[in-house]
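Shown next, in structure tokens, is the structure this report addresses.
Both ligands and their constituent atoms are indexed starting at 1 by order of listing.
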Amino acid sequence: MLAVVSNRLPFSAERHHGELSLTRSPGGLVAALDPVLRRLGGVWVGWPGVPEEDVEAAGGLTMPPDDGVCYRPVPLSAREVSQYYGGFSNRTLWPLFHYFVGRTTFDSATWRAYERVNERFAVAVAEEARRGALVWVHDYHLLLVPYFLRRLVPQARLAFFLHIPFPAADVFRVLPWSRSLLRGMLASDLVGFQVPAYAQHFLTCAERLLGCEVDRAAGIVRSEGREVSVQVHPISVDTKAIEERARPAAPPLPQQERGLEVLGVDRLDYTKGLQERLLAVERFFERYPAYHGRVQFTQLLVPSRERVAEYSQLKREIDETVGRINGRFSEAGWAPIRYFVRSLPPEELVPLYRQADVALVTPLRDGMNLVAKEYVTAQLENDGVLILSEMAGAAEELQEALIVNPFDVDMVAEAVHRALSMPEDERRARMSALRDRVRAHDVHAWVNRFLEAAAAAARQARASTASPTDAVLRRLAPWLAQRPTVALFVDYDGTLTPLVARPQEARLAEATRQVLEQALRTPNVDVVVVSGRSVADVRDMVGVSGLTYVGNHGFEIEGPGISYRYPGTERFLAALASAATELEALAIEGAWVEHKGVTLTYHLRAVPRALRERAGTTRSRDGRRWTGTRGTPSCTWWCAGTGSSGRRACGPCTSGTTPPMRTRFARCQGSGGPSVSRR
Ligand code: GDG
């Protein structure tokens with residue numbers, strides 16, 4: 001069973017005579033998911049596209065009958081639509097993920113709405129997840145759904161696919177909510193991206209911002225005790241359906257007998273590089289007047305996100321630029337740019353692709369760009385030329401296109417000229433290679449591969465069990481997330497390592513070392529290892545550079561930006577040495593003294609039970625008492641500034657011990673002398 005979760009259900013709702021009716025969305029994704037949903041049995045969870053208030057005003061919304069696929073609407077109020085969709089999704093995530101940092105808004109109210117709505121989507125799909133459905137969450141609107149769903153259904157089989165770019169770490173971290181979003185995605189078993197660069201950026205973010213352990217070669221992130229698979233699955237188009245639509249259209253006349261067509265098809269969006277493209281077209285006509293009257297550039301713009309203010313502004317700017325260029329070059333019976341703002345049905349769109357000599361696909365940034373693949377597929381004669389932005393994910397696969405930098409107006413203008421004057425055999429060689437590649441990886445293959453990978457990742461995630469440290473991290477993570485910085489103090493013996501008979505046998509497990517390394521990479525966490533060992537000893541034993549080490553109970557500190565020795569300890573070394581001599585002279589079987597510079601430890605772990613009491617409570621030569629509890633495994637003495645107050649400092653000594661075997665051991669002394677006391 002499959003559960004697809006996307007922002008929108010595959011319908012658009014329209015109002016006719018006060019009633020809402022649903023029309024199926026045409027896209028290739030819907031066409032690809034539909035047969036799989038029918039085959040596996042499933043549910044599609046999403047927003048129906050109309051605010052709840054409108055649904056109520058229309059007396060409700062009837063979903064299509066359950067014919068193998070159940071459509072489950074997630075209702076959203078007009079306010080939620082404006083905050084979650086128009087706000088956080090499209091004014092924060094969309095611009096930032098496309099590297100438009102300056103256009104990104106940061107608004108905690110829209111973030112909270114985004115969280116709430118994502119949680120509601122998770123609740124809507126939880127029942128299916130409980131029944132074992134494979135849940136496939138789509139795109140940037142729903143980055144937190146895996147997180148909420150995992151909390152509701154820990155055993156959920158859960159995959160996520162991001163259709164848009166995932167930005168480089170330095171851009172992503174600009175978001176105040178970056179860590180929460182990463183955790184949201186990492187609650188999946190599989191996270192899929194369009195191209196390798198986006199997956200790499202994601203791995204870097206998981207490593208740098210959350211301190212996760214990342215295996216780049218295997219594409220694995222270890223997060224909160226779970227293994228998350230990170231993979232590349234480039235989306236494609238329904239090649240058969242496009243070819244079928246292209247076939248009935250008349251083949252284009254030979255180029256000599258007609259004008260030349262350059263085509264652009266895009267959603268109206270600033271990421272698509274429309275202004276830059278128009279300027280390139282202008283530059284082309286400026287440089288090559290011989291093409292005036294012979295070449296026409298047709299731009300189809302599909303209205304999009306009309307309620308988002310930036311988009312109406314963009315539309316006005318494009319109108320002006322088209323008007324200016326047409327005003328500059330038009331001649332009787334010819335205008336350089338034809339421009340339509342509307343959505344065409346696929347039966348009309350595909351013939352446009354087939355007829356075009358050149359497709360100009362020049363987004364400033366694009367997750368994949370399906371128009372490029374659709375154009376290639378519709379080139380049944382194999383003789384068109386694709387000009388493609390290097391900033392589109394599609395450029396990764398479509399290398400036989402003329403690859404351009406969309407910001408470089410001269411370069412794009414020259415590419416248009418080169419495409420229009422390209423010899424036929426070169427055009428055919430390039431286009432047939434492109435077509436073969438797209439046909440070999442159509443959208444059906446994409447769906448099947450992704451679902452296979454998701455099922456395998458879910459199996460793998462269940463097989464890899466969480467270590468105790470991972471489990472602790474899972475508990476701590478939500479708490480840590482709320483704090484800008486955290487200092488973590490850990491002991492070595494008995495904490496990072498189990499207690500052993502001899503200190504040199506306390507070896508750090510590799511897994512523990514990895515946890516420390518992970519903590520070290522986490523920017524808001526400072527890790528300090530505090531030990532009774534000497535600083536040199538504990539640093540050698542842990543072997544992770546970059547941590548802060550506190551040795552000898554605080555007498556020595558070494559770490560980034562600090563190298564500290566408690567001043568004046570030399571004064572007490574003689575007293576400490578005589579304490580050591582006294583203890584060694586006791587010659588208690590199994591007891592031994594460890595010299596650590598400014599402190600010493602008296603180890604009693606190996607003392608036979610019968611002698612323990614004597615060893616633990618003994619007297620020094622001058623009659624003063626050494627005190628200790630029964631069963632004392634070790635105790636540490638140190639000399640520190642007692643000052644002249646002569647106050648006793650007695651208390652627990654925890655070096656080398658672990659609860660409940662706390663040692664109480666103190667040498668009580670008169671005023672003015674060195675003290676050996678608790679740490
Ligand atoms: C996101 C990512 C990624 C356009 N005009 C008409 C029409 N279209 C269709 C095209 C194409 C689709 O719209 C646009 O897809 P893109 O891939 O170009 O861009 P986004 O909408 O931004 O999609 C993108 C994609 O998700 C899939 O993962 O490639 O990078 O941004 O299919 O054909 N369709 C119809 N009439 C039109 O007038 N019927």
### Query
Any side-chain donor paired with an acceptor under 3.5 Å for R277 and T362?
yes
### Task
For ligand 1, note which part of D269 has a heavy atom under 4.0 Å away: side chain, backbone, both or neither.
neither
### Query
Any heavy atom of Q194 sitting closer than 4.0 Å to ligand 1?
yes
### Task
Heavy-atom distances under 4.0 Å are what count here, so tell me which part of V265 touches ligand 1: side chain, backbone, both or neither.
side chain
### Query
Atoms of ligand 1 less than 4.0 Å from M368 heavy atoms?
3 (C), 24 (C), 29 (O), 30 (O)
### Task
Can you sort out which atoms of ligand 1 are near S343, meaning under 4.0 Å from one of its heavy atoms?
36 (N), 37 (C), 38 (O)
#### Entry: Residue of the set Y140, Y85, Y84 for which side-chain hydrogen bond (donor to acceptor under 3.5 Å, both in side chains) holds with N7
Y84
### Query
Which ligand 1 atoms are under 4.0 Å away from a heavy-atom of W94?
22 (O), 31 (O)
### Query
For ligand 1, which atoms, with element, lie under 4.0 Å from some heavy atom of L300?
38 (O)
### Task
Using a strict 4.0 Å cut-off to heavy atoms of E374, name the atoms of ligand 1 that fall inside it.
10 (C), 11 (C), 32 (O), 33 (O)
### Query
Going by the atom numbers of ligand 1, which of them fall below 4.0 Å from some non-hydrogen atom of G367?
30 (O)
#### Entry: Part of K272 with heavy atoms under 4.0 Å of ligand 1, whether side chain, backbone, both or neither
side chain
### Query
Just by modelled atom types, is the H163 backbone N or O under 3.5 Å from a matching donor or acceptor in the D139 side chain?
yes
### Query
Can a donor-acceptor pair be found between the side chains of D107 and Y114 at a distance below 3.5 Å?
no
### Message
Considering both backbone and side-chain atoms of H163, is one of its nitrogen or oxygen atoms within less than 3.5 Å of a nitrogen or oxygen in ligand 1?
### Response
yes
### Message
Taking 4.0 Å as the limit for heavy-atom contacts, which would you say applies to R267 with ligand 1: side chain only, backbone only, both, or neither?
### Response
side chain
### Message
Are more than 12 heavy atoms, taken from residues, nucleotides or ligands other than R216, located less than 6.0 Å from that residue's CZ atom?
### Response
yes
### Task
Using heavy-atom distances, let me know which of D366, V302, I164 sits nearest atom 5 (N) of ligand 1.
V302
### Message
Is it the case that over 12 heavy atoms from other parts of the model lie below 6.0 angstrom from the CD atom of E317?
### Response
yes
### Query
Any salt bridge between E374 and R245, counting N to O under 4.0 Å?
no
#### Entry: Taking every non-hydrogen atom, the tightest pair across P336 and I325
CG-O, 4.1 Å
#### Entry: Between Y339 and D319: side-chain donor-acceptor atoms closer than 3.5 Å
yes
### Task
Return yes if some donor-acceptor pair links the side-chain N/O of H141 with the main-chain N/O of S89 below 3.5 Å, else return no.
no
#### Entry: Residue part near ligand 1, for Y353, under 4.0 Å between non-hydrogen atoms
side chain
### Message
If you measure every N or O of L344 against every N or O of ligand 1, does any of those distances drop under 3.5 Å?
### Response
yes
#### Entry: Which segment of Y140 sits under 4.0 Å of ligand 1 when only heavy atoms are counted
neither
